[in-house]
Amino acid sequence: MKKLLLKGVLIPSLLLTSNAVLIDSANAQVQTSSQVSFQQAYNLGELFSEKIFTYHQAVEAGDIEEINRLYDDFTSDLKKIEQTIGKVPGYQNRKNLQRFFVHPAKVDIERTIYEVSQYRLLNKITDKIEEHQLEDAESLMNTLDRLKKRAKEIKQVGGYKSLPRQIDKDLYLKETITQGHLVTAYTTEYKTIIDSGNLPLLNEAFLQLRSSMKQMDLLIGQIPNADTRKKLGEEIVRPAKLQLERTRYEISQYQLMKEIKNDLISNESKEQFDEQMAMLQRLKARTQEKNQSGFYEAVPAVEKELRKYEQTLLAAE
């Protein structure tokens, strides 16, 4: 929207329409009041047109940070002008004002509302990670997925003009980096749990870190810049994989012993118990080979708890 058009063409056309609707020779006082209401709404709309132009420029530039910065004031001002126009007498007067001052603003707001929501949700997720509220952060990442799907559905139905691709690219990179923060936080937490030797908690954390890391891998794979992919892989994915590999056989032992325990409770056969224990011995051998390689840091607290668990199974057999 160009201000030149508003000043050169819009005022005459609106006022002519207004005069045609408002002129009432039988009631000059009502006419004057109506003209004042109209002029007040128009003056406010002319000021708002500057913000319409600024917001539209940010949208067309594909600048999601600027769009987010402008969004709250823009929508607040839109609400005010809608309320002011709503007080103008005459359907045609209100329709003309809305056409020039409300409709263009609403179009760009509806084009960007989901992108602004995604941007803000990602900031909220980052805050949760920094506060070490990882469960909440994970839940919000799931909310983000639902929001993205909903946005796609709504835009397909609404037939809105596509946004510049840069907005999607920037949001995608922001999501990837946010997921990276989550993976790093899980990795740090996992190392602490390893040192504690808490087997049930370690098993749960192993599954969570593996799932989060796989999601990170998927996101990185869609980034077009090879240097960015490499950097994120080395800084985030590799440390997570290292900790998972460090404990992979220990986790397998624990999961197998849980299965053996359940079978013992269910009174499974002696033959099945022997087969499962033989499998456990093979896992222990692989674990020992892994530890002797010197590539991975030892996990003595975990090993100690595994052997205690094994002794309880042998005693229960």
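- Using a 4.5 Å heavy-atom threshold, the side chains of Lys128 and His181 count as separate.
- Within the 3.5 Å criterion, the main-chain N or O of Gln39 finds a donor-acceptor partner in the side chain of Asn43.
- Between Glu289 and Arg286 there is no salt bridge, since no side-chain N of the basic residue sits under 4.0 Å from a carboxylate O of the acidic one.
- Under a 4.0 Å N-O distance rule, the pair Lys231/Asp227 does not qualify as a salt bridge.
- Of all the heavy atoms in Gln243 and Thr247, the pair that sits closest is O-OG1, 3.1 Å.
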Kindly determine whether Met277 and Leu314 satisfy side-chain contact (heavy atoms from CB on, under 4.5 Å), including the steps that lead there. CA-CA 9 Å; Met277 292 303 290; Leu314 290 169; 3.6 Å; yes

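- Under 3.5 Å, the side chains of Asn142 and Glu138 contain no donor-acceptor pair of N or O atoms.
- Looking only at distances, no side-chain donor or acceptor of Ser212 sits under 3.5 Å from a matching main-chain atom of Leu209.
- With hydrogens and angles ignored, the 3.5 Å screen pairs a side-chain donor or acceptor of Arg229 with a backbone N or O of Pro224.
- When atom types are taken as modelled, the side chain of Ser293 and the backbone of Lys290 share a donor-acceptor pair closer than 3.5 angstrom.
- A salt bridge between Lys155 and Glu115 is present, with a side-chain N of the basic residue lying under 4.0 Å from a carboxylate O of the acidic one.
- A donor-acceptor pair shorter than 3.5 Å cannot be found between the side chains of Glu303 and Gln253.
- Of the charged side-chain nitrogens involved, at least one lies within less than 4.0 Å of a carboxylate oxygen, so that Asp108 and Arg111 count as a salt-bridged pair.
- When atom types are taken as modelled, the side chain of Arg120 and the backbone of Asn68 share a donor-acceptor pair closer than 3.5 angstrom.
- Residues Glu259 and Asp263 have side chains in contact (heavy-atom distance under 4.5 Å, counting atoms from C-beta outward).
- Side chain of Tyr172 to main chain of Leu219: a donor-acceptor pair is present (N/O by atom type, distance under 3.5 Å, no hydrogens or angles).
- When each of Asp73, Asp72, Asp77 is paired with Lys51, the salt bridge (Lys or Arg N to Asp or Glu O under 4.0 Å) condition holds for Asp77 and for no other.
- Between Tyr55 and Thr112 the shortest side-chain heavy-atom distance falls below 4.5 Å.
- In this model, a donor atom of one side chain and an acceptor atom of the other lie less than 3.5 Å apart for Glu110 and Tyr160.
- The backbone N or O of Glu297 sits less than 3.5 Å from a side-chain atom of Arg246, completing a donor-acceptor pair.
- Ring geometry for Phe74 versus Phe48: interplanar angle under 30°, hence parallel rather than tilted (30 to 60°).
- A salt bridge is defined here as a Lys NZ or Arg NE, NH1 or NH2 lying under 4.0 Å from an Asp or Glu carboxylate O, and Glu82 with Lys106 meets this definition.
- Using a 4.0 Å cut-off between charged side-chain N and carboxylate O, Lys308 and Glu305 make a salt bridge.
- Formation of a donor-acceptor pair under 3.5 Å by the Ser117 side chain with backbone atoms of Ile113 is found in this model.
- Panel note: side chain Thr184, backbone Gly180; a donor-acceptor pair is recorded below 3.5 Å.
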